[in-house]
Amino acid sequence: MSLTLAEKIIAHACHRDSVRPGEIVTASLDLLMMHDSGGPRRVASRLEQLGAKVWDPEKVVVVSDHFVPATDLESAEILALTRRWAQQAGVRHYDMLGICHVVLQEGGHVQPGMFCVGGDSHSPSGGAYGAFMMGVGATDITGALVTGELWLKVPQTVRVNWDGALGKGVSAKDIMLYLCATLGMGNENQAFEYGGAAVRAMSMSERMVLCNMSAELGAETGMVAADEKTLAALAQAGRPYSGDIARWQSDPDAACLAEHHYDAATLAPQIAAPHSPANSRAVTEYEPVHIDQGYIGACTGAKLSDLHMAAEVLKGRKIASNTRLLIAPASVAMTRAAAADGTLEILTEAGAIMLPTGCGACAGMGAGMYADGEVGLSTTARNFKGRMGSSKAQVYLGSPYSVAAGAVKGYICDPRELLAEPA
Amino acid sequence: MSEQSTPDVDSALSRRGRAFVFGDNIDTDLLAPGPYMRESPEVLASHCLEAIDPDFAGAVQRGDIVVGGKSFGIGSSREQAVQSLVVLGVGAIVATSFARIFYRNALNFGLPALTCPDLQAERGDDLEVRPQDGLVINHTSGKQYRCESIPPELMDIVNVGGLMPWLARKLAADAKSAASGADGTSGDPA
Ligand code: SF4
């Protein structure tokens with residue numbers, strides 16, 4: 001029987017030969033990730049109440065990223081509780097080292113064919129490694145921690161192929177904003193599998209943006225089947241994959257709900273207007289909206305590759321005097337790499353303000369929030385009303401190229417124009 | 001009501017209350033705004049949906065029914081989005097469709113979430129939801145609508161009041177079967 005990648009992984013996790021879309025099944029977990037906001041702080045008392053223990057500490061990773069660094073006594077207490085719980089439970093804890101989805105990949109925890117769960121809506125990020133990773137809330141996480149299992153409805157697969165090559169100044173973020181506008185945000189019970197030449201050409205960081213923002217499509221998950229790049233990234237992370245990735249590919253004739261083909265070469269940079277990623281359209285269709293604050297942050301928008309995109313635009317340029325640019329790198333390791341390769345120097349020379357690593361303003365909890373009436377342009381994944389501070393702020397979304405370009409001009413503009421002119 | 005017998009599980013899922021009607025894509029940041037996430041559940045709930053309806057939290061009463069459009073609860077995995085509605089006393093949510101994590105979270109809190117694409121209701125209408133019959137009744141307009149029932153595998157979770165009681169029951173059952181297994185063959189006829 002022909003199966004899609006998602007179906008193969010779920011069937012394997014249910015110890016069955018095959019599964020059909022729409023079936024409700026119970027799958028065994030290879031990995032469980034939770035963070036300081038939805039993790040120990042929410043599950044510790046529930047586990048106690050049940051008198052239950054973690055089913056397998058080896059398969060659990062805890063990441064402190066949402067309340068990082070502590071800005072008040074309460075966040076300090078949350079971080080302390082997270083630390084204590086992780087130590088007692090004997091699980092791996094990434095403590096203030098970066099954003100959960102990013103450190104999970106830096107550590108090589110997600111491997112092809114794995115069935116994983118995360119206590120965060122952007123957990124589909126793990127799909128970049130050819131795994132099935134879904135996001136759930138803290139009560140589901142409690143159940144999964146106790147039983148090592150999770151129920152799910154087998155999703156239908158949607159294949160999205162980006163053929164050709166992306167133009168200069170266009171990135172995975174633009175692809176996802178375009179898809180949010182085109183396919184909408186109500187794609188429940190669907191697993192998105194991304195492919196095509198443009199996706200194959202992407203770095204693992206860029207593939208992760210596709211999978212990450214599958215959450216904005218409302219999908220069960222997003223995934224990119226493993227290839228040589230996946231293997232190289234895992235080897236570099238110190239956890240080489242020992243299996244055969246040929247096993248974790250969709251059968252060519254497997255039934256899908258839909259298969260889309262897009263031409264990557266014709267995609268322009270996309271900007272999402274307030275207050276939804278689905279309000280995206282080409283940057284060329286925007287008036288020059290003034291920006292009070294640019295924000296380059298979040299798992300989807302401040303990885304090393306994102307900082308490189310911003311630096312390409314900012315090199316030899318200055319932030320406009322009537323705006324400000326805040327940058328919160330996605331991990332400590334990436335900050336170090338950006339320092340070593342000269343990227344940080346370019347960013348700070350341009351006048352960017354560097355913030356600590358963590359979810360920051362993306363989660364509406366940390367540094368960089370917006371005031372009433374302010375206009376922002378951000379590399380984060382969603383711009384829902386009130387998410388990044390005041391519900392009267394206007395937040396636009398764009399790629400790191402677009403946010404950097406907006407900060408240089410002080411208004412929303414096409415980054416390709418700046419990339420084409422010498423600074 | 002001391003004479004009232006223990007309600008049977010099915011009728012316990014029926015809810016009747018006033019409708020509070022919202023549009024498509026009601027997201028978790030509207031339901032549980034980030035800037036108040038550190039506050040108590042009660043304070044957080046008092047800001048529920050205030051960005052689009054400042055009166056909601058004050059006006060909603062125990063048993064009232066929230067009606068939404070497409071992808072109700074889209075956004076983050078924060079359970080506070082469901083918890084805020086539970087704290088405010090909301091009895092059920094009826095929507096055209098639900099965002100996937102929100103749907104899971106609602107069932108995990110024992111809050112019936114029903115998919116009913118055709119429902120016509122206005123704020124204040126007298127609504128009754130009957131998950132066991134797959135029905136939503138608008139008593140104000142006198143019309144009935146079919147709703148998708150909760151799959152039987154998951155109804156079990158809602159029936160016992162959510163995932164926590166369900167887990168407690170499962171752990172107790174597991175412990176019991178482990179104990180009888182430890183007795184060796186003593187349970188078997190010789
Ligand atoms: S950076 Fe934003 S999107 Fe990513 S995990 Fe943190 S809060 Fe979620």
Side-chain angles (χ1 to χ4, degrees), chain A residues 24-26 37-38 42 46 49-52 66-67 72 74-75 78 118-123 134-143 146-147 151-153 155 184-190 215-216 218-220 275-276 278 361-365 369 382 384-392, chain B residues 24-39 47 50-52 54 69-83 96-110 115 151-154 157 162-172 174-175:
Chain A
I24 292 182
V25 297
T26 301
S37 181
R42 304 268 174 228
R46 288 174 166 136
Q49 194 185 324
L50 293 167
H66 277 58
F67 292 98
D72 54 17
E74 204 177 345
S75 44
I78 292 169
D120 186 274
S121 64
H122 287 102
S123 298
M134 56 190 270
V136 297
T139 306
D140 266 325
I141 283 289
T142 307
V146 171
T147 62
W151 71 262
L152 79 157
K153 195 180 200 176
M185 298 175 71
N187 302 284
E188 290 94 12
N189 296 318
Q190 296 171 25
E216 275 53 57
E220 194 71 14
H275 297 283
S276 169
C362 179
M365 296 169 179
M369 290 205 275
R382 45 177 78 127
F384 296 151
K385 208 171 189 175
R387 177 174 173 87
M388 297 182 72
S390 167
S391 61
K392 296 194 185 87
Chain B
D24 291 344
N25 299 312
I26 296 300
D27 63 68
T28 51
D29 289 282
L30 292 174
L31 292 158
Y36 303 103
M37 284 279 284
R38 269 179 264 198
E39 310 285 345
H47 296 281
E50 74 178 0
I52 49 168
K70 287 187 209 148
S71 300
F72 190 93
I74 193 155
S76 95
S77 64
R78 59 182 73 154
E79 286 184 328
Q80 290 88 335
V82 170
Q83 190 190 47
T96 310
S97 65
F98 287 94
R100 48 173 300 282
I101 302 182
F102 184 90
Y103 182 77
R104 297 184 74 102
N105 289 346
L107 301 190
N108 286 343
F109 272 75
T115 306
E153 295 94 329
L154 310 181
I157 298 173
L163 190 67
M164 282 297 287
W166 186 89
L167 283 169
R169 198 185 59 175
K170 177 183 158 60
L171 290 173
D174 289 354

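This one's a predicted model, so the numbers in the text were calculated from it and none came from an experiment. Residue numbers start from 1 in every chain, and the chains themselves are labelled A, B, ... in the order their sequence lines are given, proteins ahead of strands.
The minimum heavy-atom distance between A/L50 and A/T142, with the atom names listed, is CD1-CG2, 4.2 Å. The shortest heavy-atom contact between B/V82 and B/A106 is CG2-N, 3.7 Å.
Contact annotation for A/V136: both backbone and side-chain heavy atoms come within less than 4.5 Å of a heavy atom of chain B. In this structure, chain B has a heavy atom under 4.5 Å from the side chain of A/E74, while its backbone stays farther away. For B/F102, no part sits under 4.5 Å from any heavy atom of chain A, backbone or side chain. For A/R382, the part sitting under 4.5 Å from any heavy atom of chain B is the side chain, from C-beta outward, and nothing else. Within the 4.5 angstrom heavy-atom criterion, atoms from both the backbone and the side chain of B/P35 approach chain A. In this structure, chain B has no heavy atom under 4.5 Å from any part of A/A278. Residue B/L171 touches chain A through its side chain alone, counting heavy-atom pairs closer than 4.5 Å. For A/Q49, the part lying near chain B is the side chain, with the backbone staying farther off; criterion is any non-hydrogen pair under 4.5 Å. Contact annotation for B/S76: both backbone and side-chain heavy atoms come within less than 4.5 Å of a heavy atom of chain A.
Counting only heavy atoms from C-beta outward, the side chains of A/E188 and B/F98 never approach each other to under 4.5 Å. Taking the side chain as every heavy atom from C-beta outward, A/M134 and B/R100 approach each other to under 4.5 Å. Annotation: side chain of B/L167 is not in contact with side chain of A/T139 (no heavy-atom distance under 4.5 Å).
Highest contact tally toward chain A, considering only B/M37, B/R104, B/Q80, B/K170, is held by B/R104 [criterion: heavy-atom pairs under 4.5 Å]. Most heavy-atom pairs under 4.5 Å with chain A, from the set B/R78, B/K70, B/E50, B/E153: that is B/E153. In terms of heavy-atom pairs under 4.5 Å with chain B, the best-connected choice from A/G143, A/A52, A/S75, A/S391 is A/G143. In terms of heavy-atom pairs under 4.5 angstrom with chain B, the leader among A/G386, A/A138, A/G38 is A/A138. Most heavy-atom pairs under 4.5 Å with chain A: of the set B/S77, B/G34, B/A172, B/A99, this distinction falls to B/S77. Counting heavy-atom pairs closer than 4.5 Å to chain B, the top residue among A/M185, A/R46, A/E220, A/K385 is A/E220. Contacts with chain B were tallied for A/D140, A/N187, A/I141, A/N189; A/D140 has the most, counting heavy-atom pairs under 4.5 Å.
Although no hydrogens or angles enter the test, the distance criterion places no donor-acceptor pair under 3.5 Å between the side chain of A/R387 and the main chain of A/H275. Of the possible donor and acceptor atoms, none in the side chain of B/T115 sits under 3.5 Å from a partner among the backbone N and O of B/S97.
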> How far apart are the C-alpha atoms of B/W166 and B/L107, what are their side-chain angles, what is the distance that settles it, and do they pass the side chain to side chain contact (heavy atoms under 4.5 Å, CB included) test?
Replying inline: CA-CA 11 Å; B/W166 186 89; B/L107 301 190; over 6 Å; no
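For the side-chain contact (heavy atoms from CB on, under 4.5 Å) test with A/F384, the passing option among B/I26, B/D27, B/L30 is B/D27; the others fail.
When only modelled atom types and interatomic distance are considered, A/S123 and A/D120 share no side-chain donor-acceptor pair under 3.5 Å.
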